[in-house]
Amino acid sequence: MTNSSFHNKMVEYLEGYQMYLLLIKPNENVVSQCTIIHEFINYIYNYHMVAEIDQITVGMANSKFYTFYTRENKVDIPKETIKEILNDFFIFLKRKYGIKNEKLIRGFGIEVIA
């Protein structure tokens, strides 16, 4: 898979995740979560040569993205919140599509119920 086709596929998965979240959360929470995930997908596409989900490292999803996100958006959001949002998305991918990056999920250090 190429970098751009990976990006497009991740955006497609995000749309599915958004539909799922709309069933269980208030709309404003869904919009803010999905906006952060979309920025993460764009960040991976624009700043890292990633063509498969298992190429996303803990550092990319954790410290590097957090630094990028807070700098670009000039917001004060806890790092833990970003980690939880991304973790939930990757758990969704694992459960819904069987797509997983176990190192990344373990690296978030958030308890996961399989």
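Fair warning: this is a prediction, and the values are worked out from it, not measured in the lab.
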Ignoring hydrogens and geometry, is there a side-chain-to-backbone donor-acceptor pair from [X] to [Y] under 3.5 Å?
X	Y	result
Tyr66	Ala61	no
Ser63	Gly59	no
Asn73	Tyr69	yes
Asn46	Asn42	yes

Interatomic distance, [X] atom [atom1] to [Y] atom [atom2] [nearest 0.5 angstrom]:
X	Y	atom1	atom2	value
Ile56	Asn62	CD1	CG	13.0 Å
Ile53	Lys94	CD1	NZ	11.5 Å
Cys34	Leu14	SG	CG	5.0 Å
Met49	Phe6	CE	CZ	12.0 Å
Glu52	Lys9	CD	NZ	12.0 Å
Phe65	Met60	CZ	CE	13.5 Å

### Closest heavy-atom pair and its distance - Tyr13, Leu93
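Heavy atoms of Tyr13 and Leu93 come nearest at CB-CD2, 3.4 Å.
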### Message
Which heavy atom of Ala51 sits nearest to which heavy atom of Thr2, and what is that distance?
### Response
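Smallest heavy-atom distance, with atoms named: CB-C, 4.0 Å.
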### Cluster overlap Met19 with Val31, hydrophobic side-chain contacts below 4.5 Å
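Per the 4.5 Å side-chain linkage, Met19 and Val31 are not co-clustered.
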### Message
Using the rule given for side-chain contact (heavy atoms from CB on, under 4.5 Å), can you reason through Lys96 versus Tyr20, listing the C-alpha separation, both sets of side-chain angles and the distance that settles it, and then say yes or no?
### Response
CA-CA 10 Å; Lys96 174 89 176 173; Tyr20 163 74; over 6 Å; no
Under 3.5 Å, is there a donor on one side chain and an acceptor on the other for [X] and [Y]?
X	Y	value
Ser32	Thr35	no
Asn101	Gln55	no
Thr57	Lys103	no

### Query
Mind checking whether Lys64 and His48 have side chains closer than 4.5 Å, heavy atoms only?
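Yes - at least one pair of side-chain heavy atoms lies under 4.5 Å apart.
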#### Entry: Residue list, side-chain contact (heavy atoms from CB on, under 4.5 Å) with Val11, at least two apart or on another chain
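By the side-chain contact (heavy atoms from CB on, under 4.5 Å) rule, Val11 matches His7, Glu15, His38, Ile41.
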### Query
According to the interplanar angle, ranging from 0 to 90°, do the rings of Phe89 and Phe92 count as parallel (below 30°), tilted (30 to 60°) or perpendicular (above 60°)?
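Rings of Phe89 and Phe92: parallel, as their planes differ by under 30°.
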### Query
Parallel, tilted or perpendicular: which fits the ring planes of Tyr43 and Phe68, with parallel below 30° and perpendicular above 60°?
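Tilted, since the angle between the ring planes falls between 30° and 60°.
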### Query
What do the steps show when you test Ile37 against Leu86 for side-chain contact (heavy atoms from CB on, under 4.5 Å), and what is the final call?
CA-CA 7 Å; Ile37 296 166; Leu86 293 177; 4.3 Å; yes
### Query
Can Tyr45 and Asn3 be said to form a side-chain contact (heavy atoms from CB on, under 4.5 Å), step by step?
CA-CA 7 Å; Tyr45 176 72; Asn3 189 16; 3.6 Å; yes
### Task
For the pair Lys83 and Asn87, evaluate side-chain contact (heavy atoms from CB on, under 4.5 Å) and give the outcome as yes or no after the intermediate values.
CA-CA 6 Å; Lys83 284 170 58 174; Asn87 183 69; 5.8 Å; no
